[in-house]
Amino acid sequence: MKITKVLGYQVLDSRGKPTVAAAISLEDGSTHTSRVPSGASTGKHEAVELRDGNESISNRYYSGNSVNLAVANINSKIAPHLIGKEIDLTSVDQKLKELDSSETHEFLGANATLATSLAAAIASAHVRNVSLARYFQPTGKLLIPMPMVNILSGGAHANRTLDIQDILIVPTGAKSFTEALSWIVAVREMAANLGSKAGKITHLVADEGGLGIPFDSIELACTFVLESIEKVGLRVGTEISLALDIAATQFFDGASYNLTTLGKSYSSVEFVDYSLKLVKNFPIISIEDPFAEDDWSAWNSFSKIAPKYLQILGDDLLTTNSGRLNRAISEKSANSILIKANQNGLVTSTQSVLKQAQAAGFNTVVSARSGETEDSWLADLATGWRAGQIKVGSTHGAERNAKWNRLLELEATEDCEFKNPFLN
Ligand code: PGA
Ligand code: ZN
C-alpha cells in the first residue's frame, strides 16, 4: 500500500516543551501519527535534537525550544522522497539514512527522523493488520517487560531535591504485569503518604511522575523507599528490589563527583568505592549511570568488583549507539543498556543496537524520557523486541500511564508471558 502524504508539525510534550509529530497517510485513507520524546539529562553522545534556538521569530514564546526547523525538514526534505512509495519501515529508514548519513542525524534532526520512522512503523503494522508489538514479533508468546518504576525523583527532574536522579523499584516477584503494576501503585501511594505526614514533599509530581522529597543522603532516601515497601506488606528482595539511576554526569565536574546535598566530593576512584558500598548495603539490583558518560575507567573498575547479580546499566555512557556499546562490550564496562529511540534517531537502528546488546549477553531496558507524550508505542517496541525490561517513570501523569495502560492491554489481548529478567 502506497504512502499518500507525510506531514510534520509541532506539538507539546509533558513538560510543556515543543516536540515533533509526524503523520503518514496511506492509500486506504488511514493516517498514522507519532510524537517524539525528549530528555532533560541528555547525554553528550546522543543523536542531535534539532531546536530552533533564540534567533527564530516563531520561537519567541518557547525560549529557544521550538522545533520548526525539524518540522520543515519532514515536510520539505523527507516527504517528497516517501510519497508514492510502498509503506515499509525498513525502506523508510533506509531512505532517511540516505538523506542524512551522519551518525547523529545532525542534518535533518533526530527528532525529524525518529518521528517519521515511528510513524512508518505504526503504518507498516496497520498494513499487516497486527499490533505494533506483533509487527516486530509475528509468532510465539510476546514477552511483557518487567517494569522499573520511579518512586523518588531528584537531580534534573525535581530541582535536585536529591543528588541522584531516581530511586526506583522493580517488582521481580510479581507473576504478571497486572500484579506488578498494582504493587507499584501501592508503594508509591504509601511513599506519598509517609512523605506528606513528615511534611517533606516538595514536588508531588516531578517530571517523570515520581515524588520529590528532599533527603540529605542517598542512603536515607533508600531507607525511606524500603520502609514504604514494607508498610505495604511486600517482601524486600523476593518480591520487590531497589534500582537507582545515579545520572552521575550531572554532578561530575571533570575531576570530582559532587554530592551537594551531602556536602561531599569524591574523586573518580573514591566514587567507585562509595558506589560499591551503596549497592552492598541495600537490596539494589540495578544501578544506572553510576559514573559520568566519559569516565570509562571508573565504569571498568566498578564492573570488575561489583557483585555478579548487579545490573550495571549504561544510559548516558552508551546513548543507544552501536560504537559505544561495542566499546563497553569489549572493555566489560557495563552489563546492560538503556535503549532510548531518540538517542539513536531511527526505529530499525535502535532495534539493531538492542539486538547487538542481547547477542553480547547484556540485559536491555527500553526507556521513556523525562519529556514524554501521550503516545504508547514504547510499550509495543519493548514487548515486540523482547527487551525484558521497561522504564517509563512513575505511575502518575497520563503520558506515563499511556505506556503502562498499553502493557495492561497487551497482557489482556495478546498471547503473552511475563518473566523475572534477574533470574537469568
Ligand atoms: P532524561 O532522563 O529523559 O531526562 O534524559 C531519563 C533517564 O536518565 O533515564
Ligand atoms: Zn538515565
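Every number for a ligand or one of its atoms is a count from 1 in the order of the listing. The basis for the numbers below is simple: all heavy atoms, side chains too, and nothing from hydrogens, waters or symmetry mates.
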If you compare Glu208, Lys340, Glu372 by their heavy atoms, the one closest to atom 7 (C) of ligand 1 turns out to be Lys340

Check the side chains of Arg188 and Ser394 for a donor-acceptor pair under 3.5 angstrom, ignoring hydrogens and angles. yes

among protein heavy atoms, the one nearest atom 8 (O) of ligand 1 is Gln165 NE2, 2.7 Å

When distances are taken from atom 9 (O) of ligand 1, the protein heavy atom at minimum range is Lys391 NZ, 2.6 Å

Check: Can we say Asp273 and Lys277 salt-bridge, meaning some charged N sits less than 4.0 Å from an Asp/Glu carboxylate O?
Finding: yes

Taking only non-hydrogen atoms of Gly39 and a 4.0 Å limit, the atoms of ligand 1 in range are 1 (P), 3 (O), 4 (O), 5 (O)

The closest protein heavy-atom partner of atom 2 (O) of ligand 1 is His157 CE1, 3.2 Å

(Q) Between Asp380 and Thr383, is there a side-chain donor-acceptor contact under 3.5 Å, judged purely by atom types and distance? (A) no

In Asp315, the N/O/S atom nearest the Zn ion (ligand 2) carries the name OD2

Honestly, for Asp166 the part within reach of ligand 1 (heavy atoms, under 4.0 Å) is neither

Exercise for the section: Before signing off on this row, confirm whether Asp315 and ligand 1 have an N or O atom pair separated by under 3.5 Å. Expected result: yes

Looking only at protein heavy atoms, what sits closest to atom 3 (O) of ligand 1 is Ser370 N, 2.8 Å

In ligand 1, the atoms that come under 4.0 Å of a heavy atom of Leu338 are 9 (O)

Distance-only side-chain donor-acceptor flag, Asn111 / Asn342, under 3.5 Å
no

Test item, Ala247 contacting ligand 1 (heavy atom, 4.0 angstrom): no

Donor-acceptor side-chain pairing of Gln165 and Glu208 below 3.5 angstrom: no

- So, is Asp245 polar-close to ligand 1, with some N/O to N/O distance under 3.5 Å? yes

Checking heavy atoms under 4.0 Å, the part of Asp289 that sits near ligand 1 is neither

Scanning both residues in full, the closest heavy-atom pair of Pro283 with Leu226 reads CG-CD2, 3.7 Å

Assess the pair Tyr257 and Tyr266: is the distance between their ring centroids shorter than 6.0 Å? no

Next item on the list: Taking atom types as modelled, find out whether Glu46 and Asn321 have a side-chain donor-acceptor pair closer than 3.5 angstrom.
Entry: no

Metal proximity, Glu288 vs the Zn ion (ligand 2), N/O/S cut-off 2.8 Å: yes

Quick note on ligand 1: atoms under 4.0 Å from a heavy atom of Arg369 include exactly 1 (P), 3 (O), 5 (O)

Exactly one of Trp296, Phe291, Tyr274 clears ring pair (Phe, Tyr, Trp, His ring centres under 6.0 Å) with Phe302, and that residue is Phe291

Counting backbone and side-chain atoms alike, is an N, O or S atom of Asp245 positioned under 2.8 Å from the Zn ion (ligand 2)? yes

Note to self: Could you check, using the six-membered ring where one of them is a Trp, whether Phe422 and Tyr309 have ring centers closer than 6.0 angstrom?
What the structure shows: no

